[in-house]
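Quick caveat, the model's predicted, so the values are computed rather than measured.
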There are 2 protein chains.
Amino acid sequence: MTRPRSFDETTVLHDAMDAFRRSGFASVSIKDLGDATGLTSGSIYNAFGDKEGLYRAAFGYYIDAVIRRRIETYLGEANDLDGLEQLFLSLLCAPESDEHGCLLTNAAVEFGAQQSVASEGLAEGFAMLEAAIRRVIERQIGGGQVDLLVAKLLLLYQGILVLIRAGRNVSACPAVIRSEFEQLRKLLP
Amino acid sequence: MTRPRSFDETTVLHDAMDAFRRSGFASVSIKDLGDATGLTSGSIYNAFGDKEGLYRAAFGYYIDAVIRRRIETYLGEANDLDGLEQLFLSLLCAPESDEHGCLLTNAAVEFGAQQSVASEGLAEGFAMLEAAIRRVIERQIGGGQVDLLVAKLLLLYQGILVLIRAGRNVSACPAVIRSEFEQLRKLLP
DNA sequence: CTGATTCTGTATCGATTATTCTAGAATAGG
DNA sequence: CCTATTCTAGAATAATCGATACAGAATCAG
């Protein structure tokens, strides 16, 4: 019993995610989100509570459907440097390269360190990303410089997504990535 | 003839710059800007035209008083790797490290590649930053990998400012910077 | 079919927004 | 002192915001 939803939640979250990636949280209105998802404001509030609820849901979807998925695709069970290099190179293709950027990076910059609607997602997303990088570095290289190497790659990751978002020329990025991983391979035991 | 302004423009631009660094453009209201600067909305509109005019002025002030100044402080006429390394290390102190981040990075992420109130400042700021890095690399290292090395440092720069803004642990960053410049010094002729 | 339940669509609300308007204050030139 | 000019302060405005209210539609259990 009860009227069924007229929309597919995954599709709606995907559309909302794109809207938030394009415009951030503050600059997108409920009307914009309605246009992007095809829902009316009534349905949005009924399904997600409020604008923050939709943002949290879309951010969670991004972490799962984009970040976790990318990690699994490129690292899988191998967790090796080659896979991690391919992961970095993939940032320059889809979907981050579509000028909307990465929702994790965008949210980190929009909301900063203060408690916000994005805090939970930011903590989860950064932890997931750093853990994936650390897994590879620790497994393949190890030693006392793991923290250094993990930080270096995390910085590179964020830097790439800023330049993509800014629409800057990223043609030199693949070479930077390959150069970085070449150096990492020299540290292989 | 005519009533003089009751405020110091540099002070006002500094305060507005901090407000925009903290909250971005969309999330800060004229009322917020009035509170931050001590001006009434009447004075803001009289002096800067509108909110975008104040943003443009504050962004221009940031590029001149922060970015250009930092470049001159650390590179000066020497334009050597040591100065550039100190410049990078200084990002982890003041004023960027105060959790507000860099207005250039923040604006790049907030507005993206589309035409916006920040477009002009973004183009100028990125060009100034890249030119300063390129000056050092070309002068001290040169060769066919200049583009690669410039891109690598620009990526590192943006990455650092994202992590600072996000309030992430940046304790490993100095070591990353020193490691990066150690490698660059190996390329010195 | 009936009734209970949940969803949809839209009208509407109060709050907030950027901006304009305006009256008065402050200065300099004459 | 007087007047022209520009600034300041804050009230007023229209638009937009997120959120709510509510009537009707859609479903299913019985």
Side-chain angles (χ1 to χ4, degrees), chain A residues 1-60 107 110-111 114-121, chain B residues 1-59 107 110-111 114-119 121:
Chain A
M1 54 176 154
T2 165
R3 176 174 180 175
R5 289 196 171 162
S6 67
F7 60 90
D8 174 61
E9 182 159 324
T10 297
T11 305
V12 164
L13 288 180
H14 187 90
D15 292 340
M17 174 192 80
D18 273 347
F20 285 127
R21 284 207 303 135
R22 185 182 322 114
S23 309
F25 177 78
S27 289
V28 79
S29 67
I30 293 289
K31 181 186 177 313
D32 293 334
L33 291 165
D35 293 344
T37 60
L39 300 188
T40 62
S41 68
S43 293
I44 292 177
Y45 280 91
N46 179 66
F48 300 100
D50 56 13
K51 187 183 169 188
E52 298 201 351
L54 177 53
Y55 186 84
R56 268 185 270 261
F59 200 175
E110 176 169 8
F111 295 102
Q114 313 163 17
Q115 175 74 17
S116 74
V117 62
S119 296
E120 205 178 326
Chain B
M1 57 176 154
T2 165
R3 176 175 181 174
R5 288 195 170 163
S6 68
F7 61 89
D8 175 61
E9 183 159 324
T10 298
T11 305
V12 164
L13 288 180
H14 186 91
D15 292 341
M17 174 192 81
D18 273 347
F20 286 127
R21 284 208 302 137
R22 186 183 321 114
S23 310
F25 177 78
S27 289
V28 79
S29 68
I30 292 290
K31 182 186 176 313
D32 294 334
L33 291 166
D35 293 344
T37 61
L39 299 189
T40 61
S41 68
S43 292
I44 292 177
Y45 278 88
N46 180 65
F48 300 100
D50 57 12
K51 185 183 170 188
E52 297 201 351
L54 177 54
Y55 186 84
R56 267 185 271 260
F59 200 175
E110 176 169 9
F111 295 101
Q114 314 163 14
Q115 176 74 17
S116 74
V117 62
S119 296

Return the value, rounded to whole Å, for the distance between atom CZ of A:Arg5 and atom P of C:dG9.
13 Å

Donor-acceptor check, side chain of A:Thr37 to backbone of A:Leu33, threshold 3.5 angstrom: yes or no?
yes

Looking at A:Arg22 and A:Asp18, does any basic side-chain N land under 4.0 Å from a carboxylate oxygen?
no

Determine whether more than 12 heavy atoms belonging to other residues, nucleotides or ligands lie under 6.0 Å from atom CD of A:Glu52.
yes

Report yes if a side-chain nitrogen or oxygen of A:Ser43 is closer than 4.0 Å to either non-bridging phosphate oxygen (OP1 or OP2) of C:dT8; otherwise report no.
yes

Is there any protein nitrogen or oxygen under 3.5 Å from a nitrogen or oxygen in nucleotides 2-4 of chain C, and what are the pairs?
none

Using nucleotides 14-18 of chain C, report all nitrogen or oxygen pairs with the protein that are shorter than 3.5 Å.
from, atom 1, to, atom 2, distance (Å)
C:dA18, OP1, B:Val28, O, 3.4
C:dA18, OP1, B:Lys51, NZ, 2.9
C:dA18, OP2, B:Ile30, N, 2.9

With DNA chain D as reference, determine whether B:Pro4 or B:Gly42 sits nearer its 5' end, using the nearest nucleotide of each.
B:Pro4

Report the distance from atom CD of A:Glu9 to atom C1' of C:dC7, rounded to the nearest whole Å.
14 Å

How close or far is atom C1' of D:dT3 from atom CZ of B:Arg3, stated in whole angstroms?
17 Å

Would you say A:Ser6 reaches C:dT8's phosphate, i.e. side-chain N/O to OP1/OP2 under 4.0 Å?
yes

How close or far is atom P of C:dT20 from atom CG of B:Asn46, stated in whole angstroms?
12 Å

Expressed as a whole number of angstroms, how long is the span from B:Leu54:CG to C:dT19:P?
11 Å

A:Ser116: which of A:Phe111, A:Tyr55, A:Phe25 passes side chain to side chain contact (heavy atoms under 4.5 Å, CB included):
A:Phe111

From the list C:dT6, C:dA11, D:dA9, which nucleotide is the closest neighbour of the side chain of A:Ser41?
C:dA11

Output the rounded distance in Å from OH (A:Tyr55) to C1' (D:dG18).
17 Å

Do B:Val117 and B:Phe59 touch side chain to side chain, with heavy atoms closer than 4.5 Å?
no

Passes side chain to side chain donor-acceptor pair (under 3.5 Å), A:Asp32 versus A:Ser29? Steps please.
CA-CA 5 Å; A:Asp32 293 334; A:Ser29 67; 3.1 Å; yes

